Amino acid sequence: MNNLQSGIRGDPNYEETEGMNYEPVIGLEVHAQLLTRTKLFCSCSTQFGNEPNANTCPVCFGLPGVLPVLNRRVVEFAIRAGLATNCQITRKNIFARKNYFYPDLPKGYQISQYENPICTKGWIDIEVKGEKRRIGLTRIHMEEDAGKLLHEHPVSRSKAASWVDLNRAGVPLLEIVSEPDIRLPEEGVVYLKELRRILMYLDVCDGNMEEGSLRCDANISIRPVGTKKFGTKVEIKNMNSFRHIEKALYYEIKRQTEVLKGGGTTAQETRLWDPEREVSESMRSKEEAHDYRYFPDPDLLPVEIDERWIEKIQSNLPELPQKKRDRFIKQFQLSPAQAEVLIETGEIASFFEQMLQKYPDSKKLANWIINSPFPVTKLNPDHLTKVLTLVDAGTLSSNMAKEVLQKVYETGRPPEEVIEKEGLTQVSDTAALEAAINEAISENPKEVERFRGGEEKLFAFFLGQVMKKTKGKANPKIVADLLRKKIGR
Ligand code: ADP
Ligand code: ZN
Ligand code: MG
């Protein structure tokens, strides 16, 4: 973002220009692919990465005479997501046809929801740079995904035509639309990360942005600071990482600001982000925008959701990330930053709590988990407990423990075996240490004199000598005590 001078509050490259300060207004539309085994309206598999068109049937192909059959699990997932984001749940749900023509959409319409989406009026709380913000959710609705065009044949590699893969056609999605409550690109990213984390905690979406399980379109306009009226919004598509989203938003803020500063007006349009060149380009203007001619799908009955179903889903919701973080801070005396790392996924959080049953020092445990260079949840909790206990007993130094854990992680062998094989215990045996200390003393008589004469810093020199002689395996605390006794004044 170095070369941006947007004139925008919060932009590090903000340039003060009298009377020319603009504020961005951002609303995000997220598509989350649901973790159901089967599609929204047929029993085809949703599995990613299969051979093109392996996961298809006449419903996926939109052949005449077939009827869609609703996957109830999708409704349940939508309710889960809605309850977790403070939404109201719509009791009577109607599926609508959204009509448009594209080769990856064989029916010529997408089944979606239009009026009365399943969830409305929710919110997600976020904190950006110490400031708490509440981002409203306009709606969450259920819809089916389209297929995919391949511009290169998957086997022959020919580029003579485009091919259609309908594996993704009919895969269930939630579209989650935010209010235009976001004011900075960073805020948008924090909102998205929080939303992603919630969906992952709920086990409704795997959150994989690279594979497209979580996709985001951004709507953005700018307005003079202090004014209320929204500017003309531009929609940006094709950003598949948090980094791209932040860059694309800053780019767009800069672009719109320059247009307005130059006395022009921004056009309502859809733009595509090019992550290579880091620019966005106009895809279509409002005039070319689709008229989708929504109407209720006559092949699908309205879905009635009763109170008892909602209550049951509510009572089965997991503890959500922010609540868990606050509890971890209070219950385990962790810093907010530590707690934040430990609750990043439900998996790490439950590993931490499971470990506490065996190893109750929450702060030490938190540090080990947070600083682990590999996914610590892959360790057997008994193995980790064993190693941490050996550190506390002085048998392993923390560096040795790291080495042991790395080997345990790589080989799956129990720590006792690794320690024995690698000879990795710390020497706490006084007799062995005394021999090394005596050697260090007799080899360095001058230094002993100087130390006794008051040169305290030579103590570290002797410590170093002993560590060298024991190849770093001496227990430093015991060495220090023994050394003091031998050469101390
Ligand atoms: P559309 O009908 O074009 O889909 P919506 O009103 O449904 O527009 O809004 C789509 C998204 O754009 C929402 O996330 C909303 O918060 C956001 N949005 C609406 N108006 C603006 C605006 N003026 N500036 C920025 N974002 C906006
Ligand atoms: Zn199918
Ligand atoms: Mg819309």
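Only this structure's heavy atoms are used, side chains among them; waters, hydrogens and symmetry mates stay out. These figures come from a predicted structure and were not determined experimentally. Both ligands and their constituent atoms are indexed starting at 1 by order of listing.
Neither the backbone nor the side chain of Glu235 has any atom closer than 4.0 Å to an atom of ligand 1 (non-hydrogen atoms only). Residue contacts with ligand 1, taken as heavy atom pairs separated by less than 4.0 Å, involve Val177 solely via side-chain atoms from C-beta onward. Neither the backbone nor the side chain of Thr232 has a heavy atom within less than 4.0 Å of ligand 1.
For ligand 1, the atoms lying closer than 4.0 Å to a non-hydrogen atom of Ser221 are 22 (C), 23 (N), 24 (N), 25 (C). Near Gly231, meaning under 4.0 Å from one of its heavy atoms, ligand 1 places the atoms 23 (N). Residue Glu179 approaches ligand 1 through these ligand atoms, each under 4.0 Å from one of its heavy atoms: 16 (O). Taking every heavy atom of Phe230 and a limit of under 4.0 angstrom, the matching atoms of ligand 1 come to 23 (N).
With atom 11 (C) of ligand 1 as the reference point, the heavy atom nearest to it among Asn219, Ile135, Val30, Ile26 is part of Asn219.
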Report the C-alpha distance between Ser285 and Glu269 in whole Å, list the side-chain angles of each, state the deciding distance to 0.1 Å, and finish with yes or no for side-chain hydrogen bond (donor to acceptor under 3.5 Å, both in side chains).
CA-CA 4 Å; Ser285 72; Glu269 60 179 347; over 6 Å; no
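Of the polar atoms of Lys233, at least one N or O is found under 3.5 Å from an N or O of ligand 1, judged by distance alone. For ligand 1, the polar-atom distance check finds no N/O of Thr138 at less than 3.5 Å from any of the ligand's N/O atoms.
With hydrogens and angles disregarded, no donor-acceptor distance shorter than 3.5 Å links the side chain of Asn55 to the backbone of Phe48. Between the Asn71 side chain and the Lys39 main chain, a donor and an acceptor come within less than 3.5 Å of each other. Between the Thr46 side chain and the Thr36 main chain, a donor and an acceptor come within less than 3.5 Å of each other.
Expressed to the nearest 10°, the angle at the Zn ion (ligand 2) joining SG in Cys57 with SG in Cys42 is 110°.
Taking the ring centre of Phe242 as origin, the terminal cationic atom of Lys193 falls inside the region bounded by 6.0 Å and 45° from the ring axis. Under the 6.0 Å distance and 45° angle rule, Lys107 counts as a cation-pi partner of Tyr109.
In Arg327, the CZ atom is crowded: over 12 heavy atoms of neighbouring residues, nucleotides or ligands sit closer than 6.0 Å.
The distance from atom NZ of Lys98 to atom CD1 of Ile111, rounded to the nearest 0.5 Å, is 13.0 Å.
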